[in-house]
There are 2 protein chains.
Amino acid sequence: MKSEDIARLAGVSRSTVSRVINNYKNVPEETRRKVMQVIERYQFRPNNSARVLAGKKTDTIGLFIVSIAEKDNINRVYRNNYFSPFVDAVIDNANANGIYVLVNSIYSLQDYEKIKRAFLERRIDAGIVVGTEKEIDVIAQVASMGYPFSIIDYSPEEIVRKIKKGKVAVINSTDDEGTRKMLEYLIGLGHKEIGILSGRMNTYSGRIRYDTYLKVLAEHGIETRKEWVLKGEFIKKEAANEVMKMINHGKLPTALFCCNDDMALSAIEVFRNEKIRIPEDISVAGFDDIMPASLVKPALTTVRVPLYSMARKAVEEVLKMLGETSDNISIHSLETELIVRDSCTAVSGAGITNDSFTA
Amino acid sequence: MKSEDIARLAGVSRSTVSRVINNYKNVPEETRRKVMQVIERYQFRPNNSARVLAGKKTDTIGLFIVSIAEKDNINRVYRNNYFSPFVDAVIDNANANGIYVLVNSIYSLQDYEKIKRAFLERRIDAGIVVGTEKEIDVIAQVASMGYPFSIIDYSPEEIVRKIKKGKVAVINSTDDEGTRKMLEYLIGLGHKEIGILSGRMNTYSGRIRYDTYLKVLAEHGIETRKEWVLKGEFIKKEAANEVMKMINHGKLPTALFCCNDDMALSAIEVFRNEKIRIPEDISVAGFDDIMPASLVKPALTTVRVPLYSMARKAVEEVLKMLGETSDNISIHSLETELIVRDSCTAVSGAGITNDSFTA
DNA sequence: CTGAAAGCGCTTACAG
DNA sequence: CTGAAAGCGCTTACAG
């Protein structure tokens, strides 16, 4: 069944069938109805390849997930916990707009060519990139060909510097404010010895969270120690190693700010095994608010990153840019939120209770 | 840049360029090299729509995720925990074979038309369906048009009955054996009072797990009680309600077999709030082995469903069928595994320890 | 308002 | 071994 068949059956030309399908206004209601009837009767749907070849959009966007984890790491925990809701949200929002989503995993620099390939083969109209280690040069290249891009978690300054032309939206959360809220909450609980379990420094959020930690402590005249600055790379295992090292080293801080929940969960496990109580002996804070954060005991105090809204924004922006002719680089920061649960408490003897802050 | 440009630059015809791209054997090495050089120099990639229109495959499969949860249920917990690894795995395996994946969410019966549409528009070569409430008639219809399908978690008997013709692979896990192993493990621990928190009965795995529970108890001459047969629908909230009802009713069983981990986690939470200790007062077992299962305290004893292998199988089968001409319906059952952790223990006074079974 | 025709960028018998 | 040509199924100026 092709448009020619529909035309014959409806007693019109292929041109008219096409005009009906594409909602041209200069088709009389009578004709439109006649054609639609035949279309519905035969469940006709135009061949997408033919439409695209004739100049239509693909109505498909590419979602590229750059994964921090190794390809053969079966757990791939970071991705599962953190990205899944994002992927869901992108698909939901795209589908709601009649747009298809082609999802790709990127595990290596070489895989990055997939992005270019998908565009060169004209499989997609636009792209969304999420994950670690974004190869900005490839993206800049594709963007300069005129394809819109939403980029999640990337330095706006670097985008402005590296993307000379193109339609690009950068979607971040306000991790600086989130970090600040968390640290001021801890300081408010009386903590003066606050360690950090940092994330990947080649990641925008990794750097922001770390930099803001340093900044806020400095503002409050609080010093940290080398042994309390742990490098966890956003990965559970690395985090566990670093925490163990700190424990063996001797004196613990009274609070540990972890740059993501995965690492916080890992830290909690190590502490528990070492009979270090949470939050009595040490307060542990996370970042992201992934699903398990509310399930573990003690439930994790963390900073919520609005992944769903970010996904929606990414889709919205990319579709908006698709309809525009001029280049444009836009920056969007969505609000983070402090989520107080049970893994942090007042420093003993500080005379402050957790409750004063949840109210 | 199109194949014509490459042809001109390489001093050959479009036909020859096409033969090089499609690996025809009757191209002399010399010619092939010459053409490839130009292709690489200009980063040429053939327009996919043109190829498809000319008769090539799309090299894209559709992944359709039927979601039990409501569209506007922000948590959509079931899907996140259970399906995410599956989606990941499908994408990994497809990409590894140079195949793209178009991911679609299905929330309503009406959404089911998306499947038909994707095929009619010739966007995909084959489909994989996962999730609850599979509208088998739509699938049968599409399958009868010759498009291969892998269906996850569906009754083989019903497939054989309803799909008269087509290329279909049904991929299940051995939930019957898994259920049996779990129940015999519990019975071995001395439990004679075993309740069940059942799943969705319009789901194949939901029915199998329930039916096998009844069967195994009967085989062991163990009776259950009406008040211990809870209907959780695979959903945390329903599960919590049912468990609460059972608690209020009075006597508890010594063990509760939950038909998925989400419900088990939910049950554990309710018990904890009611000061009922796990596993001392009641043993709780799950099914699936989702990520949080190993993280909660006590860690959940459960049955592992080999989601990753199932995803790989689904991709493999669908690609295999793509290369075949004849119709074929195949049934595949992948092994489940009993995972003993901390949420189940011997009935007090039974004189049996957990250790006797983990060895 | 509507049809005939050109064109989108490939692939593949066909003929040589 | 290789090129000219037909054809895939649409869309859209163009002409009327």
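Here is the naming used below: chain letters follow the sequence lines, and residue numbers restart at 1 for every chain.
- The separation between A:N22 atom CG and D:dC10 atom P is 11 Å, rounded to whole Å.
- Distance B:M1 CE to C:dC8 C1': 16 Å, rounded to the nearest Å.
- For the C1' atom pair drawn from C:dT12 and C:dG16, the interatomic distance equals 16 Å after rounding to whole Å.
- Residue contacts shown for B:N48 are absent, as no nucleic acid heavy atom lies under 4.0 Å away.
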Verdict with supporting geometry, B:E324 and B:S326, side chain to side chain donor-acceptor pair (under 3.5 Å): CA-CA 6 Å; B:E324 292 167 352; B:S326 56; 5.3 Å; no

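- Side chains of A:N22 and A:R51: a donor on one and an acceptor on the other come within 3.5 Å.
- Phosphate contact (OP1/OP2 of C:dT12, side-chain N/O of B:Y24, threshold under 4.0 Å): present.
- Residue B:E121 contributes atom CD, which lies 17 Å from atom C1' of D:dC8 at whole-angstrom precision.
- With hydrogens and angles left out, the side chain of B:S15 and the base of D:dA4 share a donor-acceptor pair within 3.5 Å.
- Looking at A:R19, its side chain comes within 3.5 Å of the base of C:dG3 through a donor and an acceptor atom.
- Rounded to an integer number of Å, the gap from B:K57 NZ to C:dT11 P is 15 Å.
- Salt bridge A:D5/A:R8: present, at least one basic N to carboxylate O contact under 4.0 Å.
- The CD-P distance, from A:E30 to C:dT2, rounds to 10 Å in whole Å.
- C:dG16 and D:dC1 make up a base pair, with Watson-Crick or G-U wobble contacts both under 3.5 Å.
- When side chains are defined from C-beta on, B:S108 counts as touching B:D111, because their heavy atoms get closer than 4.5 Å.
- When each of C:dC10, D:dT2, C:dT2 is scored by its nearest atom to the side-chain atoms of B:P46, the top-ranked nucleotide is C:dC10.
- Ion pair B:R117/B:E113 not flagged as a salt bridge, since none of the NZ, NE, NH1 or NH2 atoms sits closer than 4.0 Å to an Asp/Glu carboxylate oxygen.
- Nucleic acid contact for B:N47: sugar-phosphate only, since backbone atoms but no base atoms lie under 4.0 Å from a heavy atom of the residue.
- Applying the 3.5 Å distance criterion, the base of D:dT11 shares a donor-acceptor pair with the side chain of A:R14.
- If you take CD of A:E4 and P of D:dC10, they are 9 Å apart, rounded to a whole angstrom.
- In the model, A:T60 has a side-chain atom that pairs as donor or acceptor with a side-chain atom of B:R123 under 3.5 Å.
- We find that CD1 of A:I21 is positioned 7 Å from P of D:dC10, with the value rounded to whole Å.
- Dashed line: the shortest gap from a side-chain N or O of B:K56 to OP1 or OP2 of C:dT12 is under 4.0 Å.
- Of the residues near DNA chain D, B:A54 and B:K25, the one whose nearest nucleotide (by heavy atom distance) lies more toward the 5' end is B:K25.
- Across all strands, B:T16 comes closer than 4.0 Å only to sugar-phosphate atoms, never to a base (heavy-atom distances).
- Looking at which nucleotide of DNA chain D each of B:P28 and A:K2 is closest to, the 5′-most match is held by B:P28.
- OP1 or OP2 of C:dC10 lies within a sub-4.0 Å distance of a side-chain N or O belonging to B:S3.
- Using a 4.0 Å heavy-atom criterion, one finds that A:S49 contacts no nucleic acid atom at all.
- The side chain of B:S13 places no N or O atom within less than 4.0 Å of a non-bridging phosphate oxygen (OP1 or OP2) of D:dA4.
- Atom CZ in A:R51 sits about 5 Å away from atom P in D:dT11, given to the nearest Å.
- Of all nucleotides listed (C:dG3, D:dT12, D:dC1), D:dC1 comes nearest to the side chain of B:N26.
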